[in-house]
Amino acid sequence: QVHLVESGGGLAQAGGSLTLSCTASERAFNTNAVGWFRQAPGKEREFVAAISWAGGSPKYGDSVKGRFTISRDKAENTVSLQMNNLTAEDTATYSCAVDPHSGYGDTSSIEEHYTYWGRGTQVTVSS
């Protein structure tokens, strides 16, 4: 079991920035790929970004490419999502998740690959 906690959500202006963080204390957090997903009201959950166990191979959803950056700090047991140039369409609940079957350099955009999920943090962007 991995207990994930997201933080950093809040209200931002269009064009602004926010940084989300995902932390966990379990060893499995640092030895597997971590992904970020988001879900807006009335919409399906959408892949945002993922980073490998090794800390590389970042993968991004098409809607956030060039604006969001995922990174991880193993010493701090943290995966961060830097979100720039936010738009109203980025408004959603953002959740991080762990893919426990990932290889060292693997990242996946497939929701079903992720077993452990945090409760999410709300991001609201005003236009």
Side-chain angles (χ1 to χ4, degrees):
Q1 189 73 15
V2 181
H3 297 91
L4 304 169
V5 178
E6 302 95 340
S7 62
L11 179 64
Q13 298 280 348
S17 300
L18 283 173
T19 300
L20 305 183
S21 294
C22 174
T23 63
S25 59
E26 292 85 355
R27 180 177 181 273
F29 181 77
N30 268 348
T31 56
N32 286 290
V34 175
W36 283 96
F37 291 77
R38 68 186 183 186
Q39 188 167 22
K43 294 187 177 181
E44 293 187 353
R45 186 177 284 170
E46 175 190 14
F47 170 73
V48 175
I51 192 165
S52 70
W53 173 8
S57 306
K59 184 175 291 184
Y60 298 95
D62 289 341
S63 62
V64 306
K65 281 180 182 177
R67 300 188 299 122
F68 290 13
T69 302
I70 190 170
S71 61
R72 73 186 308 164
D73 183 337
K74 290 193 174 184
E76 296 294 327
N77 280 18
T78 299
V79 170
S80 298
L81 184 69
Q82 174 68 42
M83 307 186 297
N84 297 328
N85 195 20
L86 289 163
T87 72
E89 286 68 40
D90 295 316
T91 295
T93 298
Y94 286 71
S95 300
C96 62
V98 168
D99 176 359
H101 305 296
S102 55
Y104 188 62
D106 294 342
T107 50
S108 174
S109 61
I110 300 173
E111 180 179 341
E112 288 76 14
H113 288 178
Y114 292 83
T115 302
Y116 305 109
W117 292 81
R119 291 189 174 186
T121 185
Q122 177 67 35
V123 171
T124 302
V125 183
S126 61
S127 57

Report summary line: Rounded to the nearest 0.5 Å, the NE2 atom of H3 sits from the CZ atom of F29 at a distance of 13.5 Å
Report summary line: Only residue of D90, N84, V123 satisfying side-chain contact (heavy atoms from CB on, under 4.5 Å) with L18 is V123
Report summary line: When every non-hydrogen atom of L81 is compared with those of A49, the smallest separation belongs to CD1-CB, 4.0 Å
Report summary line: Here the pair of heavy atoms bringing R72 nearest to A33 is NH1-CA, 4.3 Å
Query raised in the report: Does Y114 reach the side chain of F37, with side-chain heavy atoms less than 4.5 Å apart?
Result: yes
Query raised in the report: Within the distance-only criterion (no hydrogens, no angle test), does the side chain of T107 pair as donor or acceptor with the backbone N or O of S57 below 3.5 angstrom?
Result: yes
Report task. Validate the cation-pi geometry between R67 and Y60: distance from NZ or CZ to the six-membered ring centre under 6.0 Å, angle to the ring axis within 45°. Result -> no
Query raised in the report: What pairs meet the disulfide (SG to SG under 2.5 Å) rule with one or both residues in residues 50-88, with sequence neighbours excluded?
Result: none
Query raised in the report: Would you say the side-chain atoms of E6 pair up with the backbone N or O of G120, donor to acceptor, closer than 3.5 Å?
Result: yes
Query raised in the report: Without hydrogens or angle criteria, can the side chains of D106 and S52 be said to hold a donor-acceptor pair below 3.5 Å?
Result: no
Report task. Ignoring hydrogens and angles, tell me if any N or O in the side chain of N30 forms a donor-acceptor pair with the backbone of K74 under 3.5 Å. Result -> yes
Query raised in the report: Can you name the closest pair of heavy atoms from D99 and S108 and give their distance?
Result: OD2-CB, 4.1 Å
Query raised in the report: What residues join W53 in its hydrophobic cluster, counting side-chain heavy atom gaps under 4.5 Å, either direct or through other members?
Result: Y104
**Report entry** Candidate pair Q1 and E26, rule side chain to side chain contact (heavy atoms under 4.5 Å, CB included), full reasoning
**Finding:** CA-CA 8 Å; Q1 189 73 15; E26 292 85 355; 5.7 Å; no
Query raised in the report: So which heavy atom on L4 is nearest to which on A97, and how close?
Result: CD1-CA, 3.6 Å
Query - Criterion side chain to side chain contact (heavy atoms under 4.5 Å, CB included) on V5 and T23, from CA distance to verdict - result: CA-CA 5 Å; V5 178; T23 63; 4.1 Å; yes
**Report entry** Gap between atom CZ of R27 and atom CG of N32 - 0.5 Å precision
**Finding:** 9.0 Å
Report task. Could you tell me the separation between the CZ atom of F68 and the OG atom of S17, rounded to the nearest 0.5 Å? Result -> 9.5 Å
Report summary line: To the nearest 0.5 Å, atom OG of S21 lies from atom CD of Q82 at 9.5 Å
Report task. Quick one: closest heavy-atom pair of S127 and A14, and the distance? Result -> CA-CB, 4.0 Å
For residues 39-48, which side-chain N or O atoms pair as donor and acceptor with protein atoms under 3.5 Å away, sequence neighbours left out?
from : atom 1 : to   : atom 2 : distance (Å)
Q39  : NE2    : K43  : O      : 3.0
R45  : NH1    : E111 : OE2    : 3.2
E46  : OE1    : R38  : NE     : 2.8
E46  : OE1    : R38  : NH2    : 3.3
E46  : OE2    : S63  : OG     : 2.9

Query raised in the report: Is it the case that one hydrophobic cluster holds both I51 and W117, taking links as side-chain heavy atoms less than 4.5 Å apart, direct or via other members?
Result: no
Query raised in the report: What's the spacing between L20 CG and W36 CH2 if we round to 0.5 Å?
Result: 4.5 Å
Query raised in the report: Are any non-hydrogen side-chain atoms of I70 and K59 less than 4.5 angstrom apart?
Result: no
Query - Main-chain N/O of V125 paired with T91 side-chain donor or acceptor, under 3.5 Å - result: yes
